[in-house]
There are 2 protein chains.
Amino acid sequence: MTITDVARLAGVSAATVSKVVNGRYGVSARTVEHVRGVIEEVGYESSLVARSLRSHRTNVIGILVAEFEPFSTEIIKGTAAAISGTGYELLAYSGGGRAEEDAGWERRSLSRLGGTLIDGAILVTPTVVGAAGAVPVVAIDPHAGPSDLPTVDADNVRGAVLATEHLLGLGHRRIAFLGGRPGLESSRLREEGFRTAMAAAGAPVDPDLVRVGGYRPQTATGPAHELLAHPDRPSAVFAANDVSAIATMGVARELGLSVPGDLSVVGFDNVPESVLAEPPLTTVSQPMQAMGTSAVQLLVQLMNGSPETAPDGGTHVRLPTELVVRGSTRAL
Amino acid sequence: MTITDVARLAGVSAATVSKVVNGRYGVSARTVEHVRGVIEEVGYESSLVARSLRSHRTNVIGILVAEFEPFSTEIIKGTAAAISGTGYELLAYSGGGRAEEDAGWERRSLSRLGGTLIDGAILVTPTVVGAAGAVPVVAIDPHAGPSDLPTVDADNVRGAVLATEHLLGLGHRRIAFLGGRPGLESSRLREEGFRTAMAAAGAPVDPDLVRVGGYRPQTATGPAHELLAHPDRPSAVFAANDVSAIATMGVARELGLSVPGDLSVVGFDNVPESVLAEPPLTTVSQPMQAMGTSAVQLLVQLMNGSPETAPDGGTHVRLPTELVVRGSTRAL
DNA sequence: AACGTTTTCGACAACGGTTTCGAAACGCTA
DNA sequence: TAGCGTTTCGAAACCGTTGTCGAAAACGTT
């Protein structure tokens with residue numbers, strides 16, 4: 001059912017149908033009513049694709065995630081909640097998990113979708129620094145570090161300080177850090193917070209106890225095992241994300257170590273899974289839904305060409321993190 | 001940067017560039033190399049929209065959800081996991097929460113996206129029964145009851161029987177049922193299971209204790225309050241989804257009733273939130289990720305015109321449910 | 001050198017809409 | 001009724017890409 005079909009049925013031209021559909025001025029009330037009737041009757045709906053190709057406006061915002069893992073899913077929920085009422089619709093596009101090997105997939109997806117299918121985009125944990133694309137873009141928690149893009153992120157350093165201070169306050173001194181891959185900004189900042197807090201407390205950081213965990217279960221178990229099998233085993237591990245913290249607890253169990261009896265573990269993110277872990281994970285909460293909300297607000301401003309954000313070019317919103325104490329930590 | 005720009009830069013026609021991009025036969029190796037170079041240099045990426053408009057093939061599967069609530073989010077994760085390796089990409093489209101008032105939004109979205117932007121669609125909890133659209137469609141857990149669409153759902157009746165038997169086994173006899181809105185198939189089936197189990201145990205169902213909860217916090221608290229303020233209060237409530245079960249526990253707290261001390265509560269779905277509840281909710285687990293996986297398999301078969309599914313027209317996959325006992329239920 | 005084959009490439013017409021612009025019909029005044 | 005402004009509508013161009021098809025060029029053969 002195309003617009004031409006409707007036009008033929010209504011005895012008018014396609015142009016007129018288009019005007020009726022889009023409420024354009026210049027069609028008589030009689031005609032509008034008649035065409036509306038036909039549209040209703042046959043259940044015509046205009047093709048988003050064809051429409052956008054010509055008009056370059058779709059009222060759709062794209063959210064690009066590498067894959068639908070817990071973190072990005074929470075972000076999506078936040079953006080979805082914030083978007084209703086703005087007149088836009090949300091379209092989530094997944095890179096299909098090939099983000100690791102396929103650097104720059106964001107840029108590619110953006111140019112495939114941008115300018116025609118979506119009016120603006122939210123990039124979740126993008127690995128690109130700049131994206132001079134066809135449409136306004138906001139980045140959430142960019143992996144690649146400070147960029148020229150408008151950005152929403154959480155206070156990683158502060159969160160890491162809180163987590164480390166929590167462990168120190170429980171009497172731990174020999175604390176290991178399990179980070180993400182090198183080059184990930186969030187991991188760098190969390191390590192920075194960790195080192196800051198350790199230094200402030202006068203606790204030494206053993207280089208042997210700082211490892212790359214890679215944020216994923218598969219990549220984290222190896223390093224976690226090395227940490228826990230260390231001759232001078234740490235009494236606590238601060239993992240830079242929940243997934244690797246949970247993996248660490250799994251390794252501990254395998255080695256016959258009790259958490260939190262023999263080992264305290266702190267994570268980062270507070271994904272829904274963290275509370276399901278055994279024991280429930282003490283972690284640093286990122287306001288993921290709020291981050292999504294902020295990103296939408298920022299993006300809508302940008303798309304409207306809001307003047308207040310224009311001068312400095314890139315706007316940066318940083319939201320607070322907080323410590324959530326659960327069952328995986330205990331006084332030494 | 002359009003294909004025409006690239007063509008001009010490379011000194012060839014747009015048609016030739018298109019052939020290079022799509023690896024079509026009939027371009028000399030020299031030309032291919034040259035055009036590839038130009039494309040690489042300027043970072044050209046073909047527009048998904050324009051391409052699909054013409055070729056009617058996008059290798060994109062759409063998943064349509066009314067909104068990004070916990071249930072649909074889990075389904076999305078399942079589909080996303082299953083889709084990698086099939087050569088398709090996933091695009092999640094949200095109706096923006098206006099599903100309640102906007103009946104048939106699925107059909108509309110389908111005709112807006114189908115045939116041009118997506119090659120097939122997965123509908124999550126659709127309210128339409130038939131959708132004779134342009135593309136193959138699979139429905140997950142349709143709200144509207146048995147349809148002619150290929151469907152993936154969970155065994156609602158069996159799950160409800162399990163939940164009710166659990167309560168009966170704990171000695172409860174006066175059990176309330178808090179359902180969804182009338183007309184929702186899942187709610188109907190869960191009530192059916194509830195009544196079956198009650199009847200089998202010879203326990204009477206008090207019509208006064210069967211209420212419409214509406215599956216949402218806002219709609220569930222009222223009926224929940226009525227149940228708990230009843231002169232002859234039930235000792236247990238079986239809520240037809242987790243959200244209303246959690247709402248019921250909130251009402252109980254307000255009324256000074258302890259769960260599970262004074263009242264046992266069972267939910268349905270096992271959304272991630274159910275374990276966060278205080279106390280953690282005993283519930284019936286739907287294999288949400290598996291449902292997503294099955295839907296993708298079914299859809300891909302359909303899109304390939306797999307002959308084995310063609311004969312009967314509609315294929316129905318039903319996955320098992322199971323009881324997850326946590327802290328919200330106790331022997332009477 | 002003449003001729004048939006095969007390759008290589010580009011002009012052109014779609015795809016399903018929107019937008020512009022001019023012509024026709026209409027309404028109003030003088 | 002002539003003159004003029006205003007509505008109303010449709011023809012045609014366009015958005016960025018792909019598929020078809022014919023012409024030109026290159027190649028191979030005698």
Side-chain angles (χ1 to χ4, degrees), chain A residues 1-36 38-39 42 44-60 110-119 133-135, chain B residues 1-36 38-39 42-60 108 110-119 133-135:
Chain A
M1 179 60 55
T2 74
I3 201 173
T4 318
D5 300 328
V6 175
R8 188 165 0 88
L9 260 43
V12 297
S13 75
T16 300
V17 177
S18 172
K19 284 169 195 159
V20 170
V21 168
N22 298 290
R24 293 272 178 282
Y25 177 82
V27 185
S28 72
R30 251 182 58 84
T31 310
V32 168
E33 197 185 348
H34 175 223
V35 173
R36 283 250 174 77
V38 174
I39 289 176
V42 303
Y44 165 76
E45 195 73 21
S46 78
S47 156
L48 182 59
V49 164
R51 170 207 296 264
S52 68
L53 181 58
R54 173 66 216 242
S55 69
H56 291 279
R57 191 115 216 294
T58 58
N59 287 328
V60 173
L110 265 184
S111 50
R112 275 159 59 87
L113 305 176
T116 43
L117 187 55
I118 58 180
D119 293 341
V135 294
Chain B
M1 177 60 55
T2 73
I3 202 173
T4 319
D5 300 327
V6 175
R8 190 167 357 91
L9 258 44
V12 297
S13 74
T16 300
V17 176
S18 173
K19 284 169 194 159
V20 170
V21 168
N22 298 288
R24 293 270 177 283
Y25 176 82
V27 186
S28 73
R30 251 182 57 84
T31 310
V32 168
E33 197 185 350
H34 174 222
V35 173
R36 283 251 173 77
V38 173
I39 289 176
V42 302
Y44 163 76
E45 196 74 20
S46 77
S47 155
L48 182 60
V49 164
R51 173 206 296 264
S52 68
L53 179 59
R54 173 65 213 230
S55 70
H56 292 276
R57 191 116 218 295
T58 60
N59 288 327
V60 174
R108 251 194 307 289
L110 264 185
S111 51
R112 276 159 59 85
L113 304 175
T116 45
L117 187 55
I118 58 179
D119 293 340
V135 295

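Just so it is clear, the structure is predicted and the values come from calculations on it, not from any experiment. To find a chain, count down the sequence lines: A is the first, B the second, and so on, and within it residues start at 1.
No donor-acceptor distance shorter than 3.5 angstrom exists from the side chain of B/Arg30 to the backbone of B/Ser28, with no hydrogens or angles considered.
Phosphate contact (OP1/OP2 of C/dG17, side-chain N/O of A/Ser55, threshold under 4.0 Å): absent. The phosphate of C/dC9 has OP1 or OP2 within less than 4.0 Å of a side-chain N or O from B/Ser28. An OP1 or OP2 oxygen of D/dT17 is reached within less than 4.0 angstrom by a side-chain nitrogen or oxygen of B/Tyr44. An OP1 or OP2 oxygen of D/dT8 is reached within less than 4.0 angstrom by no side-chain nitrogen or oxygen of A/Tyr25. The phosphate of D/dG16 has neither OP1 nor OP2 within less than 4.0 Å of any side-chain N or O from B/Ser47. For D/dG16, neither phosphate oxygen OP1 nor OP2 lies less than 4.0 angstrom from any side-chain nitrogen or oxygen of B/Thr2.
B/Leu53 CG to A/Leu48 CG: the interatomic distance, rounded to the nearest 0.5 Å, is 11.5 Å.
Residue whose closest nucleotide on DNA chain D sits further toward the 5' end, between B/Glu45 and A/Thr16: A/Thr16. Where B/Ala14 and B/Ala50 each meet DNA chain C at their nearest nucleotide, the meeting point lying more 5' is that of B/Ala14.
With A/Val6 as the fixed residue, the side chain to side chain contact (heavy atoms under 4.5 Å, CB included) test singles out one of A/Thr16, A/Val21, A/Val38: A/Val38. Paired with B/Val12 under the rule side chain to side chain contact (heavy atoms under 4.5 Å, CB included), one option of B/Val20, B/Thr31, B/Val27 passes, and it is B/Thr31.
A 4.5 Å side-chain heavy-atom check between B/Asp119 and B/Asn59 finds at least one atom pair inside the cut-off. A/Leu9 is not listed as a side-chain neighbour of A/Asp5, based on a closest heavy-atom distance of 4.5 Å or more.
Between B/Leu53 atom CG and D/dC14 atom C1' the separation is 12 Å, expressed in whole Å. At whole-Å resolution of the value, NZ in A/Lys19 and P in C/dT18 are 11 Å apart. Per the geometry, CZ belonging to B/Arg51 stands 21 Å off P belonging to C/dG17, to the nearest Å. Summarising the geometry, the separation between CD1 on A/Ile39 and P on C/dG17 is reported as 11 Å, rounded to the nearest angstrom. Between B/Arg57 atom CZ and C/dA14 atom P the separation is 24 Å, expressed in whole Å. Rounded to an integer number of Å, the gap from NE2 of B/His56 to C1' of C/dG16 is 8 Å. In this structure, the CD1 atom of A/Ile3 is 18 Å from the P atom of C/dA14, given to the nearest Å. Taking atom CZ on B/Arg24 and atom C1' on D/dT17, their separation rounds to 12 Å, with Å as the unit.
Nucleic acid contact class of A/Val49 (heavy atoms, under 4.0 Å, all strands): none. Nucleic acid contact class of A/Val21 (heavy atoms, under 4.0 Å, all strands): none.
Comparing C/dG10, C/dC9, D/dT17 by their nearest atom to the side chain of B/Val27 picks out C/dC9. Of the candidate nucleotides D/dT18, D/dT17, C/dC9, D/dT17 has the atom nearest to the side chain of B/Thr4. Taking the side chain of A/Arg54 as heavy atoms from C-beta on, and the options D/dG19, D/dA13, D/dT8, the nearest nucleotide is D/dA13.
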